[in-house]
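These notes are about the structure you will find just below.
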2 protein chains.
Amino acid sequence: MARLRDVVAEAAQAGAALLVTPELSATGYQLGRGRTRQVAEPADGPLRDAVSALAQASGVSIVYGWPEAADGVLYNSVHLIDATGRVAAHYRKTHLYGEFDAGTFAAGSDPVVQARIGGRTVGLVICYDVEFPELVRAHALAGTELLAVPTALTRPWEFVARTLVPARAFESQLFIAYVNWTDTEPDGYCGLSRLVGPDGLPLAEAAGGEAVLIGRLDPAALAAARRATPYLLDRRPDLYGALTDRQAPASRESS
Amino acid sequence: MARLRDVVAEAAQAGAALLVTPELSATGYQLGRGRTRQVAEPADGPLRDAVSALAQASGVSIVYGWPEAADGVLYNSVHLIDATGRVAAHYRKTHLYGEFDAGTFAAGSDPVVQARIGGRTVGLVICYDVEFPELVRAHALAGTELLAVPTALTRPWEFVARTLVPARAFESQLFIAYVNWTDTEPDGYCGLSRLVGPDGLPLAEAAGGEAVLIGRLDPAALAAARRATPYLLDRRPDLYGALTDRQAPASRESS
C-alpha cells in the first residue's frame with residue numbers, strides 16, 4: 001500500500017486518469033498456495049476500502065489485483081476502482097496459467113468485463129488471458145477501447161510482451177496497457193510493460209526495471225486504424241464455428 | 001511459367017518437398033479487374049496442367065495462386081499440387097481485402113483446407129486471411145502443422161510480416177510459410193517472406209528482394225511449443241460465443 005500510494009501520487013502528478021498495476025499487485029504473485037489463501041479477501045474487504053480511499057483522494061482510477069475469496073474458492077481477480085472510490089469493474093481471470101494458477105484459483109466465467117472511465121470504454125483481462133486472441137477479439141467486438149492487462153510475465157517469455165501484445169492491439173484495433181512485475185532473477189519477471197496503440201506501435205514502454213509509464217489515448221488513432229483496415233467488419237463469423245466447439249482439438253491427439 | 005520452372009529447379013536442388021509461391025502467382029496480383037477476368041481459368045484449366053507436369057517432373061509439391069473462374073464468378077484461389085501431379089488441396093480466399101479484391105472476387109466459404117504432404121498436415125490461406133486470428137486458430141484446431149500463406153503485402157504494412165505472422169505462429173503453435181511478392185516501388189510489395197516456427201522465431205527470412213527461402217520443419221519443435229504452453233488445451237471455447245455472432249460489432253457504431 002505504501003508503494004501504491006507513491007505510484008498513485010506520481011500518476012496524479014502527471015495528470016493520469018487511470019493507473020494500471022501488475023497481476024495480484026496488492027499481495028504479490030508467487031506467494032505459494034498456502035500464503036495466497038491466507039491473504040485472500042472478499043471483493044468488499046479492507047484492501048478494496050484502502051484502494052478506494054486512495055482513488056478518491058487522488059482523483060486517479062486504479063486497477064489492482066488480489067486473490068479473491070468467494071463462494072468457498074479463490075479467484076485471481078482485479079478491480080477497477082474509479083475516481084469516486086466506487087468499484088467500476090470486477091474481473092476474475094478466465095484463462096489460468098500453469099500449476100500455481102490452476103492449482104490455486106478457480107477460473108472466472110465472465111469473459112468481457114468493462115467500465116467507462118474518462119469517456120472511454122476500458123476492459124480488463126489478466127496476464128495469460130491476453131495471449132488468447134479470442135478473448136481480446138471479444139473485447140473489441142464489445143466496444144473496448146483500452147484493454148488493461150495486469151500481468152506477471154517471466155523470462156524467457158519476452159516474446160509475449162514484445163510481439164504478441166502489439167499483434168493483439170493491431171489485429172483487434174484497441175489500446176493495450178500491459179503492466180508487468182519486474183525483478184533481476186534469471187527466470188524472474190521480465191518487466192517490458194508497455195502501452196501499445198491500435199497500430200501496434202508502443203506509446204510508452206519500460207525496459208527491464210521499475211517504471212511508471214504515462215501515455216495518452218487518442219481516440220482519433222482508434223478511428224484511423226479501423227478506417228485503414230476494417231478488421232472488425234471484414235471478419236467472417238459464419239466461418240468461425242470451430243472456435244466455440246468444446247471438443248478436444250485434433251492436435252491433442254497428433255502432438 | 002519460365003520463372004516458376006527456375007524456382008522449382010532451385011527448390012528441387014535444395015531437396016525441398018514443397019514450394020510455396022505468392023498470391024495469384026501464376027498471373028500477377030494487380031492486373032486490374034478486366035485483365036484478371038481475361039486470364040482467369042477454371043480449376044482444371046491449362047495452368048493446372050502445366051504446374052501439375054512441373055510438380056511431377058521435379059518431385060516438388062507446389063502451391064500456386066490464380067484467378068479461378070467458376071460458377072459464373074471469380075475466386076482468388078490457390079492449388080496445392082503434390083509431387084504426383086495431383087491437386088491435393090484447393091482453397092478460395094475467404095477474407096477479401098480492399099477494393100480490388102472485394103470488387104473482383106467472390107469470397108470462398110470453406111475456411112479450413114488441408115492436405116498431407118511429406119507426412120505433415122499442410123493448410124492453405126491467402127494474404128489478408130492470416131491477419132484474422134480466428135482462421136489460423138481454426139487451422140490449428142483441425143491439426144494443421146504448416147500453414148502456407150501466399151500473399152501480396154504492400155508497404156507500409158510491414159508490421160504484418162514482421163509482427164503479426166510471428167504472433168500467429170506462436171499463439172496457434174504451427175509453422176507458417178508467408179510468401180510475398182517484392183518490388184521497389186515506394187508503395188509496392190514489401191517482400192519480407194519468411195518461414196516462422198511455432199516459437200514465433202524465423203527459420204528463414206528474406207529481406208526486401210527476391211529469394212528462394214529453404215527451411216526444414218522439425219516436428220519436435222511443434223511438440224515442444226505445445227508442451228511448453230498448452231494454448232490449444234487452455235482455450236475456453238465456452239466463453240467465445242461472441243466470435244460467431246453475425247451481428248455488427250458494437251465498435252461499428254462507436255468508431
Side-chain angles (χ1 to χ4, degrees), chain A residues 94-97 107 109-112 121 128 131-135 137-138 140-145 157 159-160 163-164 166-168 170-174 199-201 222-223 226-227 229 231-255, chain B residues 94-97 107 109-112 121 128 131-138 140-145 157 159-160 163-164 166-168 170-173 199-201 222-223 226-227 229 231-255:
Chain A
T94 54
H95 298 76
L96 300 176
Y97 175 75
S109 56
D110 192 356
V112 176
T121 301
Y128 196 39
E131 298 174 36
F132 294 80
E134 294 93 338
L135 188 60
R137 189 68 109 195
L141 294 173
T144 294
E145 294 166 278
W157 299 108
F159 184 93
V160 171
T163 304
L164 209 58
R168 289 284 168 276
F170 181 89
E171 78 203 12
S172 277
Q173 308 190 302
L174 35 68
D199 56 3
L201 301 181
L222 211 59
R226 293 178 180 191
R227 229 177 8 250
T229 313
Y231 283 130
L232 300 182
L233 301 179
D234 285 346
R235 297 175 68 252
R236 296 284 310 274
D238 52 319
L239 303 185
Y240 303 152
L243 273 67
T244 55
D245 184 347
R246 301 185 193 194
Q247 293 300 308
S251 48
R252 183 175 244 163
E253 285 78 43
S254 74
S255 66
Chain B
T94 53
H95 298 76
L96 299 175
Y97 175 75
S109 57
D110 191 355
V112 177
T121 301
Y128 196 38
E131 299 174 35
F132 293 79
E134 293 93 338
L135 188 61
V136 180
R137 188 68 108 195
L141 294 172
T144 294
E145 295 166 278
W157 299 108
F159 185 93
V160 170
T163 304
L164 209 58
R168 289 284 168 277
F170 181 90
E171 78 201 13
S172 278
Q173 307 190 305
D199 56 1
L201 301 181
L222 210 60
R226 292 177 181 192
R227 230 176 9 250
T229 312
Y231 283 129
L232 300 182
L233 301 178
D234 285 346
R235 297 174 67 251
R236 296 285 310 275
D238 53 317
L239 303 185
Y240 304 152
L243 274 67
T244 56
D245 185 348
R246 300 184 194 195
Q247 292 301 308
S251 47
R252 183 175 243 162
E253 283 79 45
S254 73
S255 67

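The structure presented is a predicted model; accordingly, all values stated were derived computationally and were not measured. Chain letters run A, B, ... following the sequence lines, proteins first and then strands; every chain starts at 1.
Between Leu239(B) atom CG and Leu135(A) atom CG the span is 7.5 Å, to the nearest 0.5 Å. Atom CD of Glu171(B) and atom CD of Glu134(A) lie 8.0 Å apart (nearest 0.5 Å).
Checking side-chain atoms of Arg246(B) against main-chain N and O of Pro237(A) turns up no donor-acceptor pair under 3.5 Å. Between the side chain of Arg236(A) and the backbone N or O of Thr94(B) there is at least one donor-acceptor pair closer than 3.5 Å.
With a 4.5 angstrom heavy-atom cutoff, Val136(B) does not touch chain A via any of its atoms. For chain B, no part of Val112(A) is nearby; none of its heavy atoms comes within less than 4.5 Å. With a threshold of 4.5 angstrom between heavy atoms, Leu174(A) does not approach chain B through any atom at all. In this structure, the portion of Arg168(A) lying under 4.5 Å from any heavy atom of chain B is its side chain and not its backbone.
Between chain B and the residues Pro133(A), Ala107(A), Ser109(A), Gly241(A), the most heavy-atom pairs under 4.5 angstrom are made by Pro133(A). Considering only heavy-atom pairs separated by less than 4.5 Å from chain A, the leading option among Leu96(B), Leu243(B), Thr163(B), Asp110(B) is Leu243(B). Counting heavy-atom pairs under 4.5 Å between each of Leu164(A), Thr121(A), Leu201(A), Asp199(A) and chain B puts Leu164(A) at the top. Considering only heavy-atom pairs separated by less than 4.5 Å from chain A, the leading option among Arg227(B), Arg235(B), Gln173(B) is Arg235(B).
The side-chain heavy atoms of Val160(B) and Phe170(A), taken from C-beta on, include a pair separated by under 4.5 Å. Within the 4.5 Å cutoff, no side-chain heavy atoms of Glu131(A) are placed close to those of Asp234(B).
The six-membered or imidazole ring of Tyr231(A) lies near that of Tyr128(B), with a centre-to-centre distance under 6.0 Å.
Between His95(A) and Tyr240(B), the ring-plane angle classifies as parallel under the 30° and 60° cut-offs.
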